[in-house]
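Below, each value reflects all heavy atoms present in this structure, side chains not excepted, and no hydrogens, waters or symmetry copies.
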Amino acid sequence: MDVKAIGTMNVEFYSGIGETLTEPILLPPLMDVSAMDGKRVLVVDDVADSGKTLKMVMDLIDEHGLSLDGSSSIHVDARSAVIYKKPVSIIEPDYVWHLTDKWINFPWSTLPVIQP
């Protein structure tokens, strides 16, 4: 995709299989978005299950230009992509690889963390 600028956001929502917090929580460190003004951004998530996590991130971008305190006036053209989308998702991602209603076990959420 010839992309040199990549950032991550850490959002916590699932606390176990089928167990979630009441609402997703954005965890620090927050992404530095000072160079995003006027850019096109692709927000990628593994699965839009309830869709609450993806919706929270897309709303942050839309409402605040990713600034949690509302002080930023950064304009970002943001689209979303997911590997899997569930029928109950409250958001319709722009790009979806596969629709499913099954529980998905990703290697990064079922295998132990790799350590030296």
J.: Measure the CD1-CG distance between Ile104 and Asp46 for me, rounded to the nearest 0.5 Å.
T.: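 The distance works out to 7.5 Å.
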J.: Enumerate the salt bridge (Lys or Arg N to Asp or Glu O under 4.0 Å) contacts for residues 93-106, please, sequence neighbours excluded, ordered by first and then second residue.
T.: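 Sorted result for residues 93-106: empty, none.
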J.: Got a sec, which residues hit side-chain hydrogen bond (donor to acceptor under 3.5 Å, both in side chains) with Asp77, two or more places apart in sequence or on another chain?
T.: none
J.: Using side-chain contact (heavy atoms from CB on, under 4.5 Å) as the criterion, list what pairs up with Lys55, not counting sequence neighbours.
T.: Asp59, Ile90, Ile91
J.: Please enumerate all residues that pass side-chain contact (heavy atoms from CB on, under 4.5 Å) together with Asn10, with sequence neighbours excluded.
T.: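 side-chain contact (heavy atoms from CB on, under 4.5 Å) list for Asn10, sorted by chain: Leu27.
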J.: So, using side-chain hydrogen bond (donor to acceptor under 3.5 Å, both in side chains) as the criterion, who are the partners of Lys52 when residues are at least two apart?
T.: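 Partners of Lys52 under the side-chain hydrogen bond (donor to acceptor under 3.5 Å, both in side chains) test: none.
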J.: Using every non-hydrogen atom in the two residues, find where Pro93 and Leu54 come nearest and quote the distance to one decimal.
T.: CG-CD2, 3.9 Å
J.: Decide side chain to side chain contact (heavy atoms under 4.5 Å, CB included) for Val96 and Val82; before the verdict, give the C-alpha distance in whole Å, the side-chain angles of both, and the deciding distance to 0.1 Å.
T.: CA-CA 5 Å; Val96 177; Val82 296; 3.9 Å; yes
J.: Please name the pair of heavy atoms, one in Lys86 and one in Trp103, separated by the smallest distance, quoted to 0.1 Å.
T.: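 Between these two residues, the closest heavy atoms are NZ-CA, 4.0 Å.
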J.: Shortest non-hydrogen contact from Val11 to Leu26?
T.: CG2-CD1, 3.8 Å
J.: What's the shortest heavy-atom distance between Trp97 and Ile83, and which atoms?
T.: CB-O, 3.2 Å
J.: What is the ring orientation for Tyr84 with His98, classed by angle as parallel under 30°, tilted 30 to 60°, or perpendicular over 60°?
T.: perpendicular
J.: Please list, chain by chain and in numerical order, all residues satisfying salt bridge (Lys or Arg N to Asp or Glu O under 4.0 Å) with Glu92, sequence neighbours excluded.
T.: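 Partners of Glu92 by the salt bridge (Lys or Arg N to Asp or Glu O under 4.0 Å) criterion, ordered by chain and then number, come out as Lys85.
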J.: Measure across Leu42 and Ser80 and return the closest heavy-atom pair with its distance rounded to 0.1 Å.
T.: CD1-C, 4.1 Å
